[in-house]
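Report on one structure; see the data block that follows.
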Amino acid sequence: MKTLLAALIAVISLAWASEALNTVSPAGTHPLWLARQEGLYLSGLLSIGLMSLTMLLATRPAWLETPLGGMDRVYRTHKWAGILAVVFAAVHWLIEMSDDILKGMIGREGRLPKEKFAGLLDVMRDLAEDMGEWAIYAVLAMLAITLWKKFPYRPWRFLHRAMPVLYLMLVFHAALLAPQAYWLRPTGWLLGALLLAGSYGALRSLFGTIGQARQARGEIIAVEQPVSGITSVRCQLGDGWRGHRPGQFALVTFEAGEGAHPFTIASADRGDGSITFQIKALGDYTGRLATALRVGQPVRVEGPYGRFALDRLNRQAQQIWIAGGIGVTPFLAWLEAMQGGVPDAVSADLHYCIRQRANDPFVERLEALCAGLPGVRLHVHAADQGQRLDATGLMQGKDPAQRSEVWFCGPAGLADGLKAALHRLWSGRLAFHQEAFVMR
């Protein structure tokens, strides 16, 4: 994520710098007026460039899963590109508003002359300036709502659907107000490519075609609630389902008005189009699924996505698997897929962290699955019994000088603590795989 964002910022900055260094300003231009203009250009280029990346990533391009490390990383890049785009948009607006301050400080003398236009083009440029200003206000409000985690998801999702329209307003703003000289040089070509890529994503979003090629329709064939707060949903999908690798997730739509939500597929691929989800009540929507869903109800599933997959294990490395609460779902799929036997037996320690063992819905299932897999050693850590997992416990029986892999699915706080401690204690090569999919 950081590499892609840094690379885009660097390319845009270099393109701007090449223009700034090769532009000859009229005699008598005051340095502050020149700095203001170039600041407007740079902040505008960075804002629209990052927003274009945001729109492109919103199309969920599966081909980027490999270089970015999974669809969860694609979405994380999408989120941070959007945040940075709005930050640069705010800087752009502040620089624009500095006009009156400079007039008061140094006067109008030394100001750069404006490009002259006439007729329809002049009218369109005025319109583009107004549209850009109002779009910036709107995206600033959207950023505040997105970062305010207590804001309800459903209205946030509805408001978020306005982003493609706001982006196209900013495309109009950027295309009309960029210096004419840009379009004859590489800076303009880069800007044009970014605007085209972003517009492609925005139009796909507006026309509702994102993910259509990876969607399958089916129906719910079983709904159970093994314990309070957990809903088990089994679906039967049609021919459009292409199967999945154990550990992947899908975007599931139970209600058209609610939209798609990401859930890990908690079953192995049987080749018959049936998949199971174990859903924890984490909010208003997931909290009412147990009573809202019914057998025979239609369902739409998009995917599969994700790189938290069994076939990505390094069989030469020491395997440490960690599941926290509902983060056990990908490991359920892994263990189920391994029941038929695999060419190379997997040797791993599976650590399952829970609050209470007595009423946990997955302990017995894990014990049954691991019973047929002598290479997988199950360790249950129940907080009510004082069994808390730490990095020292993970190292028991392992050689810290050897190559090791940690596969983690669970709360981010637990992951951060374990990761930091393991990197301090482990002297060999350690790979820490973690899927952290969030919608906002």
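Keep in mind that what you see is a predicted model, and the values were worked out from it rather than measured.
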Smallest separation among heavy atoms of [X] and [Y], with atom names:
X    : Y    : answer
M55  : P164 : SD-CA, 4.1 Å
I210 : R204 : CA-NH2, 3.5 Å
G247 : A333 : N-CB, 3.9 Å
H92  : S43  : ND1-OG, 3.0 Å

Using side-chain heavy atoms (C-beta onward) and a distance below 4.5 Å, is [X] in contact with [Y]?
X    : Y    : answer
E224 : R234 : no
L313 : W407 : yes
Y182 : L45  : yes
D349 : K398 : yes
Y167 : I48  : yes
L369 : F331 : no
Q387 : C353 : no
R307 : R73  : no

Exam field: side chain [X] to backbone [Y], donor-acceptor pair closer than 3.5 Å:
X    : Y    : answer
R403 : L430 : no
Q339 : L335 : yes
R294 : A292 : no
Q434 : F408 : no
Q215 : G240 : no
S404 : A317 : no
T54  : L50  : yes
H379 : L350 : no
S98  : I95  : yes
H244 : S267 : yes

Task: Test item: side-chain donor near acceptor, E405 and Q319, under 3.5 Å - done: yes
TODO: Go through the steps to decide whether T59 and S205 satisfy the test side-chain contact (heavy atoms from CB on, under 4.5 Å), and finish with yes or no.
DONE: CA-CA 7 Å; T59 63; S205 177; over 6 Å; no
Task: T231/Q225 under side chain to side chain donor-acceptor pair (under 3.5 Å): CA gap, chis, key distance, verdict - done: CA-CA 5 Å; T231 303; Q225 192 172 26; 4.7 Å; no
Open item on the list: Are W334 and F308 an aromatic pair, judged by ring center distance below 6.0 Å?
Closed with: yes
- [ ] Could you list all the ring pair (Phe, Tyr, Trp, His ring centres under 6.0 Å) pairs where at least one residue sits in residues 187-217, not counting sequence neighbours?
- [x]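 Every pair satisfying ring pair (Phe, Tyr, Trp, His ring centres under 6.0 Å) with a residue in residues 187-217: there are none.
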